[in-house]
S.K.: 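Have a look at this one.
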Amino acid sequence: MFFCISYYQGNLDVLNHINECDYKIYSKGNQKSQYTEKLENYGYNISSYFHYIIDNYENLPERIVFIKNNIFPRHVKLEKFKQLLKKNNEFLGIEDPESYSHKTGISFYDKTFGFFEINNSWYLTSKKTKYFYSFNHFMSTLFTNYKKLDYINFVPGANFIINKELILKFPKNFYKNLNLFMSHCKHANESHLIERALKLIFTGDLHLNDSLKKPLSKSELKKISLKTYLLRKTHLLKPLNKFHLI
């Protein structure tokens with residue numbers, strides 16, 4: 001088992017609890033060591049994960065733990081963390097239902113599948129969003145067979161364990177393009193979209209848009225997202241036009 005650890009600030013106590021496994025630290029703060037690589041600070045912890053996948057795509061470990069350095073106690077208690085490391089699910093979110101609070105109709109926790117949140121893209125703002133107007137727009141841009149979800153099943157904080165076969169379902173360039181989506185500002189909202197999409201990407205049966213299989217420039221990414229937007233807008237307006245409502 002290999003640990004990919006995204007670091008910004010705080011301690012690295014997590015290293016005391018990984019049973020001498022191999023690890024790599026990607027730092028967006030001031031932490032330095034022989035196992036640390038400094039990254040530009042964008043994309044929260046997710047860009048660290050994608051950097052690791054891109055750099056090691058041809059030689060990925062069989063099983064990888066992607067976590068933030070402050071995973072406990074922020075996201076999960078230490079004992080819960082140790083219990084989850086012993087499981088062998090192909091994809092396993094490192095999460096603790098006791099750390100979640102819920103509002104009726106907004107979010108809930110299922111014992112089998114984990115955390116669910118209503119799919120209303122509440123976290124998107126115009127100031128920090130460059131490419132997408134909703135989660136559905138994002139997923140429709142990436143995948144040709146995505147169908148709208150009422151609730152999104154994801155791991156808040158994006159800490160998870162995964163087998164390499166699930167990563168290799170998609171080409172290296174796909175992860176490069178996802179990183180590029182998040183790179184336009186430090187706290188790009190595309191990061192929140194990808195956080196909510198990760199579990200579905202790795203565990204779902206999604207067909208990648210051919211245009212995302214090659215490395216794209218920022219202008220090309222913009223054109224692709226705009227094309228999807230216009231197609232969705234046309235589709236939504238057709239029934240309104242039929243009844244002379246527009």
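Because the structure is a prediction, the values reported are computed rather than measured.
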S.K.: Restricting to side-chain hydrogen bond (donor to acceptor under 3.5 Å, both in side chains), what partner residues turn up for Lys80, sequence neighbours left out?
M.R.: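 With neighbours one apart ignored, the set is empty.
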
S.K.: More than 12 foreign heavy atoms under 6.0 Å from NZ of Lys213: is that the case here?
M.R.: yes

S.K.: What verdict does the side-chain contact (heavy atoms from CB on, under 4.5 Å) test give for Leu124 and Leu193, after you've listed the backbone C-alpha separation in whole Å, the side-chain angles of each residue and the deciding distance to 0.1 Å?
M.R.: CA-CA 9 Å; Leu124 295 184; Leu193 288 168; 4.0 Å; yes

S.K.: Counting only heavy atoms not in Lys214, do more than 12 sit closer than 6.0 Å to its NZ atom?
M.R.: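 Open.
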
S.K.: Between Lys128 and Lys186, does a side-chain contact (heavy atoms from CB on, under 4.5 Å) hold up when you go through it step by step?
M.R.: CA-CA 9 Å; Lys128 296 180 180 179; Lys186 182 178 178 181; over 6 Å; no

S.K.: Under a 3.5 Å cutoff, is there a donor and acceptor pairing between the side chains of Thr141 and Lys227?
M.R.: no

S.K.: Check whether any side-chain heavy atom of Cys4 lies under 4.5 Å from a side-chain heavy atom of Lys24, and answer yes or no.
M.R.: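 Contact flag for Cys4/Lys24 side chains = no.
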
S.K.: Under 3.5 Å, is there a donor-acceptor pair linking the side chains of Lys218 and His184?
M.R.: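 No pair is found: no donor N or O on one side chain lies under 3.5 Å from an acceptor on the other.
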
S.K.: Should Lys172 and Glu58 be marked as a salt bridge (Lys or Arg N to Asp or Glu O under 4.0 Å) after you check the CA-CA gap, both sets of side-chain angles, and the distance that decides it?
M.R.: CA-CA 9 Å; Lys172 183 194 299 188; Glu58 290 79 13; 3.0 Å; yes

S.K.: From Leu149 CG over to Arg196 CZ, what is the distance, rounded to the nearest 0.5 angstrom?
M.R.: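 The CG atom of Leu149 sits 13.0 Å away from the CZ atom of Arg196.
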
S.K.: Quick one: are Leu216 and Ile224 in side-chain contact, heavy atoms under 4.5 Å?
M.R.: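 When only atoms from C-beta onward are counted, Ile224 and Leu216 do touch, with a gap below 4.5 Å.
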
S.K.: Could you see if Phe50 belongs to whatever hydrophobic cluster contains Leu200? Use Ile, Leu, Val, Met, Phe, Trp, Tyr and a side-chain cutoff under 4.5 Å.
M.R.: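 Both belong to a single hydrophobic cluster.
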
S.K.: Look at the aromatic rings of Phe154 and Phe115 and report parallel, tilted or perpendicular, splitting at 30° and 60°.
M.R.: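 Taking Phe115 first and then Phe154, their aromatic rings stand perpendicular (interplane angle over 60°).
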
S.K.: Please check: side-chain N/O of Asn177 versus main-chain N/O of Leu212, any donor-acceptor pairing under 3.5 Å?
M.R.: yes

S.K.: Under a 4.5 Å cut-off applied to non-hydrogen side-chain atoms, are Phe91 and Asn163 in contact?
M.R.: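 They are not in side-chain contact.
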
S.K.: Can a donor-acceptor pair be found between the side chains of Glu95 and Tyr100 at a distance below 3.5 Å?
M.R.: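 Side chains of Glu95 and Tyr100: pair found under 3.5 Å.
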
S.K.: Taking atom types as modelled, is there a side-chain donor on Asn179 or Tyr175 under 3.5 Å from an acceptor on the other?
M.R.: no

S.K.: Taking it one step at a time, do Lys130 and Glu190 satisfy salt bridge (Lys or Arg N to Asp or Glu O under 4.0 Å)?
M.R.: CA-CA 8 Å; Lys130 184 174 183 178; Glu190 282 76 6; over 6 Å; no

S.K.: Donor-acceptor pair, distance only, cut-off 3.5 Å: does the side chain of Asn69 make one with the backbone of Leu12?
M.R.: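 No, the answer is negative, given that no donor and acceptor are paired below the 3.5 Å cut-off.
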
S.K.: If you apply the rule ring pair (Phe, Tyr, Trp, His ring centres under 6.0 Å), what do you find for Phe138 with Phe132, and how did you get there?
M.R.: CA-CA 6 Å; Phe138 170 71; Phe132 305 101; 5.0 Å; yes

S.K.: Taking atom types as modelled, is there a side-chain donor on Asn209 or Ser211 under 3.5 Å from an acceptor on the other?
M.R.: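 Looking only at side-chain atoms, Ser211 and Asn209 do form a donor-acceptor pair, the distance falling under 3.5 Å.
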
S.K.: Please evaluate residues Tyr131 and Lys222 with respect to the criterion side-chain contact (heavy atoms from CB on, under 4.5 Å), reporting the C-alpha separation (whole Å), side-chain torsions for both, the decisive distance (0.1 Å), and the verdict.
M.R.: CA-CA 6 Å; Tyr131 298 105; Lys222 185 69 174 178; 4.0 Å; yes

S.K.: Return yes if a side-chain donor-acceptor contact under 3.5 Å exists between Lys199 and Asn153, otherwise no.
M.R.: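 Side-chain D/A pair, Lys199 to Asn153: present.
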
S.K.: Under 6.0 Å between ring centres: does that hold for Tyr52 and Tyr23?
M.R.: no

S.K.: Could you work out, with ring pair (Phe, Tyr, Trp, His ring centres under 6.0 Å) as the rule, every residue matching Tyr44, not counting sequence neighbours?
M.R.: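 Checked Tyr44 against ring pair (Phe, Tyr, Trp, His ring centres under 6.0 Å); matches are His187, His192.
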
S.K.: Take atom CG in Asn16; do more than 12 heavy atoms of anything else shown fall under 6.0 Å from it?
M.R.: yes

S.K.: Between Ile167 and Ile53, is a side-chain contact (heavy atoms from CB on, under 4.5 Å) present by the stated rule, with each step listed?
M.R.: CA-CA 8 Å; Ile167 297 173; Ile53 290 171; 3.7 Å; yes

S.K.: Taking Tyr133's backbone N and O only, do any of them form a donor-acceptor pair with His137's side chain (distance below 3.5 Å, no angle check)?
M.R.: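 Side chain of His137 to backbone of Tyr133, a donor-acceptor pair under 3.5 Å: yes, one is there.
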
S.K.: In Å, rounded to the nearest 0.5 Å, how long is the span from NZ of Lys28 to OG of Ser47?
M.R.: 2.5 Å

S.K.: Relative to each other, are the rings of Phe72 and His17 parallel, tilted or perpendicular (30° and 60° limits)?
M.R.: perpendicular

S.K.: Looking only at side-chain N and O atoms, does Ser6 offer a donor or acceptor that is under 3.5 Å from a partner on Asn45?
M.R.: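 Note: Asn45 and Ser6 side chains miss the donor-acceptor criterion.
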
